[in-house]
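The structure appears below as structure tokens.
Throughout, residue positions are numbered sequentially from 1 according to the sequence presented. Hydrogens, waters and symmetry mates play no part in the numbers below; they use all other heavy atoms, side chains included.
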Amino acid sequence: MSWLPLSFGAPMVLWGLLALPVIWWLLRLTPPRPQTEVFPPLRILARVLRREETPQQSPWWLTLLRLLMAALVVMALAEPVFNPREKLPAEGAALALVIDNGWASAADWNKRVATAERLIADAGSNGVPVVIAFTAEKPNAEIGPFDASAALDHLRAAKPRPIPTDRPAVYARVAAALERLPGASVAVLADGLAAKGDEAAFKTLLEKNATRLVWATSDRPSVTGLIGADNQVDGFALTAIRAPGNPAPAQVTAGAFDDKGRRIADATLTFAPGEATATGTMAVPFELRNDFASVALDGEHQAGAVRVLDESSKRRRVGLLSQAEADQAQPLLSPLYYIRRALQPFADLVEPSSADLADAIPQLLDQKPAMIIMADVGTIPAQVKQRLVDWVDKGGTLVRFAGPRLAAAGNDDDLLPVRLRSGERALGGALSWTTPQAVTEFPKNGPFADLSPPFEVTVSRQVLAEPTPDIVERTWATLADGTPLVTGMKKDKGTLVLFHVTPEATWSNLPISGSFVEMLRRVVQLSRNQGAAVANAEAKAVSLAPYRMIGADGMLTPPSPDARPLVPGAGPLPVTLENPPGLYGSETGVFAHNLLDASSTFAPLVRPQVSLPVTAIPYAFDESENLKGPLVAIALLLMALDTLAVFWMGGLLARRPRRAGTAAATAAAVLVVLGGVFGHADLVRADDSKPGDAQAIEDISKTRIAYVITGEPGVDSISRAGLEGLTRFLIEKTALEPGPPAGVDIAKDELSFFPLIYWPIDATAPMPSQAAIARIDAYMQQGGTVLFDTRDQFSNGIGAGSASPATERLRDILGNLNVPPLEPVPSDHVLTKSFFILPEFPGRFNGSPLWVEASLDASNTENRPVRTGDGVSPIMITANDFAGAWAIDENGDPMLPTVPPDPMQRVYALRAGVNIMMYMLTGNYKSDQVHVPVLLERLGQ
């Protein structure tokens with residue numbers, strides 16, 4: 001039943017509003033309570049004389065208040081809903097929910113969940129089972145059918161994934177599940193982007209067992225993705241895409257972030273009307289561009305709008321050096337011509353202003369290049385050689401090309417990867433029997449392993465390397481006769497590379513081939529440690545561990561448990577649950593694995609043309625609001641006001657002195673009740689209160705462990721710290737939460753509040769008085785237990801013979817007490833198993849037994865686990881210094897070392913304290929477990 005923006009789930013209840021006149025009539029017959037007035041009687045007579053009649057009905061405002069309260073209760077029971085929503089078509093044999101939870105659904109995921117919740121709620125109200133499947137989950141994920149409650153649990157546990165959807169596989173699983181539930185309604189909550197295989201997927205899902213299609217659409221604009229972020233000569237070029245066919249122009253802003261998440265550059269990309277691609281450039285200096293770690297589009301909270309960057313996106317500064325001057329008439333013969341053409345698109349090239357090597361090399365090093373290329377440079381001057389060697393050792397990459405000067409210069413062990421034979425080798429000349437050699441397959445252990453070998457390249461001259469045991473490891477490219485074409489090696493943190501031919505097309509046609517560009521580019525990628533790590537991994541097909549992943553919302557997050565190592569290779573790598581987008585590698589080097597590549601495009605998802613009834617719904621939150629709760633709350637508030645009004649009309653809220661007799665009677669009643677609660681028969685007078693009552697209440701409010709104040713500050717501080725440590729351990733390991741430990745003066749303080757009193761015996765402390773010892777004796781006879789600790793494991797015990805001063809003092813104290821026979825804790829005593837299983841009870845020391853009351857009359861059959869009776873030992877004696885082992889400082893660290901220094905001894909000491917406390921609080925309850933079989937047998941009879 002719906003009235004404009006208000007509807008009622010149970011409209012028949014509104015007929016109860018017809019009872020309001022009856023309620024009004026009953027309320028008018030109920031007069032208010034007579035008001036009690038105070039003497040003098042003349043005042044009463046004066047007021048009575050002014051009245052012609054006494055009240056016989058409620059005031060009109062009270063009647064209105066109660067009628068309004070009754071009307072609110074009736075309306076609340078009618079289940080009112082403000083702004084009610086239309087019920088979704090979730091009927092039939094089942095409801096099949098297929099939900100895209102790939103990267104494109106992350107931006108409005110909450111709306112999708114709210115829409116799915118409404119569908120599941122309506123299916124639950126119809127008693128329809130629900131099949132729910134997500135298109136970016138594992139292939140073996142459970143899809144149902146579920147009841148509405150379980151389906152909601154699966155929905156709320158799902159989350160968007162930073163990967164593409166797999167509709168064909170998931171739709172096929174749902175179609176197989178619907179074969180057992182023909183006549184189901186199918187709800188498709190798609191992300192709006194078309195994918196490969198959609199047509200066949202929809203045909204599989206809808207052609208057989210579906211009777212209705214619910215198609216959800218989003219009201220947000222098409223998603224925007226970032227497919228390119230290239231570090232070019234004049235800036236960082238960005239490329240963004242959107243779905244085609246959008247007639248409106250659009251602008252998006254991109255931000256570049258460093259590895260600490262700081263925004264360091266911006267760019268604006270503009271989509272022309274109807275265009276699906278936009279480009280922009282971040283024109284920032286070279287040094288700043290090399291700090292870019294990621295680029296993201298503003299306002300796009302999804303993984304497709306983020307690109308992470310690795311060393312391949314960073315431009316290197318490369319220094320070029322040659323001893324030969326360029327021939328302006330024939331630039332193709334310049335040693336650096338082909339090198340410049342090959343490196344200029346992806347590196348910043350610098351050259352010295354001087355041709356003198358002694359000046360040129362420092363000029364290049366001052367500009368801090370990542371790599372230096374020397375084209376046919378012979379002997380390096382001694383005054384700059386060491387600086388160049390240090391630059392290589394610290395991470396620089398030195399690339400050298402052969403030529404007549406290098407062939408004549410001889411070997412340089414510090415700046416060449418291999419030793420060279422003197423002179424050069426000519427192939428195919430008039431005086432040579434050999435022919436020019438072709439380039440063969442690249443070795444698998446080099447950085448060119450994944451490049452296609454340039455079989456069209458031939459070499460007519462080269463410098464040869466001396467054959468050494470490690471020549472194979474240092475060879476990166478070879479000729480058909482097995483001689484090296486390119487060699488390289490790691491030198492400390494840097495790299496040395498040698499091309500055994502010239503950089504111009506005189507000794508070979510390699511410089512004019514496309515492979516020359518790729519080989520130089522690969523060497524440039526090796527020019528930093530990070531790039532070297534990743535490049536080597538690519539060359540050797542080594543897997544890289546997940547390092548930082550791109551979440552579905554576009555944020556960088558730690559790897560999830562599902563992420564697996566990635567094996568880099570040629571071409572784009574697929575993005576899956578096992579290899580989500582992000583950075584792979586480690587702090588020494590990372591590989592960027594992005595969601596979208598340069599060839600990615602977006603296409604809008606088109607609703608399939610089917611003969612089924614189709615209902616289109618938008619993604620939206622449920623804006624309906626149930627008014628039952630607010631109406632009940634208002635009714636309760638009116639009830640409280642009604643109660644206050646009745647009290648006020650009855651005179652209970654009037655301010656006047658209470659009669660003495662009434663006050664006395666009330667006080668007597670309260671005292672009688674309190675006396676009954678605390679077990680006292682006679683009343684307690686107010687003037688009998690004592691100053692220590694507050695402390696007594698504090699002592700009995702929580703279980704507390706007490707220790708005897710000996711008067712020795714060192715002993716007392718250790719006792720308190722020890723009991724604090726035991727209290728903390730009890731709170732951590734058991735359900736008991738004792739209060740802070742209490743220090744007691746056995747001559748003055750009340751002892752019955754504490755189940756256990758720890759008494760450290762110190763020979764230098766004053767001897768307790770006979771009255772104090774008598775109080776201890778009474779405490780033990782009334783059920784309390786005293787734990788005496790002489791803190792000396794070398795004591796000879798409490799029997800005859802030599803003893804320590806602490807033991808002598810203990811004998812003096814025990815001589816005035818009624819001490820029962822004692823024995824060391826037997827192996828089957830309840831103390832050994834009251835909480836932890838303990839064979840012994842160490843403290844700071846280990847070796848002294850724990851003495852307890854002997855169980856002389858207890859039977860010890862095989863079936864009885866303990867030897868004591870139902871009581872608890874009133875006395876315990878040890879010499880192991882329990883408090884010293886338990887004592888902790890303000891930071892929770894142990895204060896005293898154990899003897900011997902075994903860390904587990906302190907743990908066992910704390911466990912011993914737990915067992916003692918459990919024994920004190922529960923008694924020998926575990927001994928009754930032997931009677932369980934007999935009790936069960938009797939109950940069975």
Side-chain angles (χ1 to χ4, degrees), residues 705-730 738 741-744 746 754 756-768 776 785-799 802-814 822 824-825 831-832 836 838-852 873 875-889 892-917 919-920:
I705 313 173
Y707 64 93
V708 174
I709 299 176
T710 62
E712 294 292 331
V715 176
D716 295 341
S717 62
I718 292 298
S719 297
R720 183 168 187 83
L723 294 188
E724 286 179 351
L726 177 59
T727 299
R728 182 178 299 185
F729 192 78
L730 283 166
V744 295
I746 59 176
F754 309 103
L756 176 69
I757 297 178
Y758 176 77
W759 191 340
I761 304 301
D762 189 272
T764 60
M767 179 69 181
I776 286 291
T785 298
V786 181
L787 172 57
F788 293 96
D789 193 344
T790 61
R791 302 173 296 125
D792 182 8
Q793 70 164 338
F794 303 107
S795 172
N796 292 327
I798 62 174
S802 61
S804 67
T807 302
E808 291 290 350
R809 174 57 59 86
L810 177 61
R811 289 176 181 173
D812 296 339
I813 295 173
L814 297 181
L822 302 178
V825 173
L831 269 172
T832 64
F836 294 104
L838 293 177
E840 56 184 358
F841 298 85
R844 194 163 74 92
F845 308 118
N846 191 6
S848 173
L850 178 63
W851 294 81
V852 295
S873 176
I875 184 172
M876 297 182 189
I877 302 176
T878 184
N880 285 334
D881 191 6
F882 281 166
W886 299 337
I888 58 174
D889 57 16
D893 298 325
M895 296 178 61
L896 301 176
T898 59
V899 181
D902 182 7
M904 287 305 299
Q905 182 171 324
R906 192 180 309 277
V907 176
Y908 291 143
L910 288 166
R911 292 180 179 179
V914 172
N915 277 25
I916 291 173
M917 280 302 299
Y919 171 63
M920 295 306 307

Using every non-hydrogen atom in the two residues, find where [X] and [Y] come nearest and quote the distance to one decimal.
X      : Y      : answer
Val899 : Gln905 : O-NE2, 3.3 Å
Arg906 : Pro894 : CZ-CB, 3.3 Å
Leu756 : Leu787 : CD1-CB, 4.1 Å
Tyr908 : Pro842 : CB-CG, 3.7 Å
Thr727 : Pro741 : OG1-CD, 4.2 Å
Thr832 : Asn915 : C-ND2, 3.9 Å

From [X] [atom1] over to [Y] [atom2], what is the distance, rounded to the nearest 0.5 angstrom?
X      : Y      : atom1 : atom2 : answer
Ser719 : Trp886 : OG    : CH2   : 10.0 Å
Leu896 : Asp889 : CG    : CG    : 10.5 Å
Ile916 : Leu831 : CD1   : CG    : 6.5 Å
Trp759 : Ile875 : CH2   : CD1   : 10.0 Å
Thr710 : Ile718 : OG1   : CD1   : 11.5 Å
Asp762 : Arg791 : CG    : CZ    : 5.0 Å

message: Between Ser804 and Asp792, is there a side-chain donor-acceptor contact under 3.5 Å, judged purely by atom types and distance?
response: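 Asp792 vs Ser804: donor-acceptor pair found between side chains.
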- request: State whether the number of non-hydrogen atoms from other residues, nucleotides or ligands found under 6.0 Å of Phe788 atom CZ is greater than 12.
  value: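 It does: Phe788 CZ has more than 12 such atoms within range.
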- prompt: Is there a side chain to side chain contact (heavy atoms under 4.5 Å, CB included) between Asn846 and Glu840 once you walk through the steps?
  reply: CA-CA 9 Å; Asn846 191 6; Glu840 56 184 358; 3.8 Å; yes
Salt bridge present between Arg720 and Glu724 (N-O < 4.0 angstrom):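 Salt bridge: yes.
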task: Show the numbers, then the answer: is there a side chain to side chain contact (heavy atoms under 4.5 Å, CB included) between Phe841 and Thr878?
output: CA-CA 9 Å; Phe841 298 85; Thr878 184; over 6 Å; no
Counting C-beta onward and ignoring hydrogens, is there a side-chain heavy-atom pair between [X] and [Y] closer than 4.5 Å?
X      : Y      : result
Val715 : Thr764 : no
Thr785 : Tyr919 : no
Leu730 : Val914 : yes

Main-chain N/O of Asp789 paired with Asp881 side-chain donor or acceptor, under 3.5 Å: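 No; zero donor-acceptor contacts below 3.5 Å.
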